[in-house]
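All values below were derived from every heavy atom in this structure, side-chain atoms included, with hydrogens, water molecules and symmetry-related copies excluded. The structure presented is a predicted model; accordingly, all values stated were derived computationally and were not measured.
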Amino acid sequence: DYSKDLFIKQPARMKLLIVVSKLLTGFDAPSCSYIYIDKKMQDHTLFQAICRTNRLDTDDKDFGYIIDYMGLFGYVYTGGLIKNLNVTEANISGGKNYIGGVVGYNAKGFIDNCSANVTFNGTGYGVLGGAIVGYNESGEVRLCKGSGSMNITVSTLSAGAGGICGINSQGKIYGSSSSVTVSITGN
């Protein structure tokens, strides 16, 4: 209870907080700048973790950093929304996947005002990689910025790579830009 009281009264003094599941209701953490996700979370638990990290604390905190070791942002489905997310460094390696700096697969979801700086190295068959989204199927990508580099090696030329998305199938992309270097080689 001493640690909890100290954190509530003087949150800036807390340097490291380890959370196994969820923070207790009312146990706010606006000074939290980083979260390292190393287990599967979904729905309310995932939402709560991200919101606590992105809660503004002072004028010099514009956003929080989310380090996702589990690939929890792999899919966005109908009605899903990812907004105002800045992925400062995404180092991705993969095989047969939909791989994106923000999301791998966007099916009728919305990705709005996001940015990602990616380093992507893919090997295999059917690799679809984009700085923002790997496969955009009928989804919308608006006001996004991609940067970084992608290197894809495939056994057959069945791959897609792009600065914003790897494959865009009936999706819409508005006001987005990219400075991604893409290299695809095949055998």
Side-chain angles (χ1 to χ4, degrees), residues 34-55 62-152 154 158-182 184:
Y34 289 85
I35 184 172
Y36 297 86
I37 300 173
D38 68 348
K39 71 177 197 174
K40 290 287 184 188
M41 290 191 289
Q42 63 185 23
D43 302 328
H44 179 72
T45 306
L46 178 60
F47 178 73
Q48 184 191 51
I50 293 167
C51 286
R52 298 217 189 250
T53 306
N54 277 325
R55 183 160 296 144
D62 294 326
F63 52 83
Y65 296 92
I66 301 165
I67 295 85
D68 179 11
Y69 290 109
M70 300 302 295
L72 299 178
F73 297 99
Y75 299 93
V76 176
Y77 291 106
T78 303
L81 170 67
I82 297 178
K83 186 172 182 174
N84 300 329
L85 178 66
N86 178 20
V87 180
T88 56
E89 191 174 321
N91 294 303
I92 306 168
S93 297
K96 184 178 180 183
N97 289 313
Y98 305 136
I99 299 173
V102 174
V103 66
Y105 180 72
N106 181 26
K108 299 180 183 176
F110 299 93
I111 302 171
D112 189 18
N113 196 34
C114 295
S115 64
N117 181 16
V118 299
T119 301
F120 169 56
N121 294 296
T123 302
Y125 172 82
V127 177
L128 303 174
I132 302 299
V133 61
Y135 183 31
N136 188 42
E137 182 179 17
S138 302
E140 290 191 23
V141 176
R142 298 178 288 220
L143 304 172
C144 293
K145 295 178 184 157
S147 60
S149 64
M150 291 184 208
N151 300 297
I152 300 174
V154 291
S158 177
I164 298 297
C165 67
I167 295 290
N168 185 38
S169 176
Q170 299 178 355
K172 297 175 183 172
I173 300 172
Y174 304 102
S176 298
S177 63
S178 172
S179 61
V180 175
T181 303
V182 178
I184 300 177

Shortest non-hydrogen pair, Ser177 vs Ile164, comes out as O-CD1, 3.2 Å
The side chain to side chain contact (heavy atoms under 4.5 Å, CB included) partner of Ser147 among Thr181, Val118, Asn117 is Asn117
Go through the steps to decide whether Asp112 and Asn84 satisfy the test side chain to side chain contact (heavy atoms under 4.5 Å, CB included), and finish with yes or no. CA-CA 6 Å; Asp112 189 18; Asn84 300 329; 5.9 Å; no
Q: Answer yes or no: is there a side-chain heavy-atom contact under 4.5 Å between Glu140 and Ile111?
A: no
For the pair Cys114 and Ile82, evaluate side chain to side chain contact (heavy atoms under 4.5 Å, CB included) and give the outcome as yes or no after the intermediate values.
CA-CA 8 Å; Cys114 295; Ile82 297 178; 3.9 Å; yes
message = Do Val141 and Val133 have side chains that approach each other closer than 4.5 Å (heavy atoms only, starting at C-beta)?
response = yes
In short, Cys144 meets Asn113 closest at the heavy-atom pair SG-N, 4.0 Å
Nearest heavy-atom contact between Asn106 and Gly139 is ND2-CA, 3.6 Å
Hey, are the side chains of Leu85 and Val102 touching, using non-hydrogen atoms and a 4.5 Å cut-off? yes
When rounded to the nearest 0.5 Å, the distance separating NZ of Lys83 from CG of Leu143 is 9.5 Å
**Study point:** Short side-chain to backbone donor-acceptor contact, Ser169 and Glu137, under 3.5 Å
**Key:** no
Shortest non-hydrogen pair, Met150 vs Ala131, comes out as CE-N, 3.1 Å
Minimal heavy-atom distance between Arg142 and Ser176, with the atoms involved, is C-OG, 4.0 Å
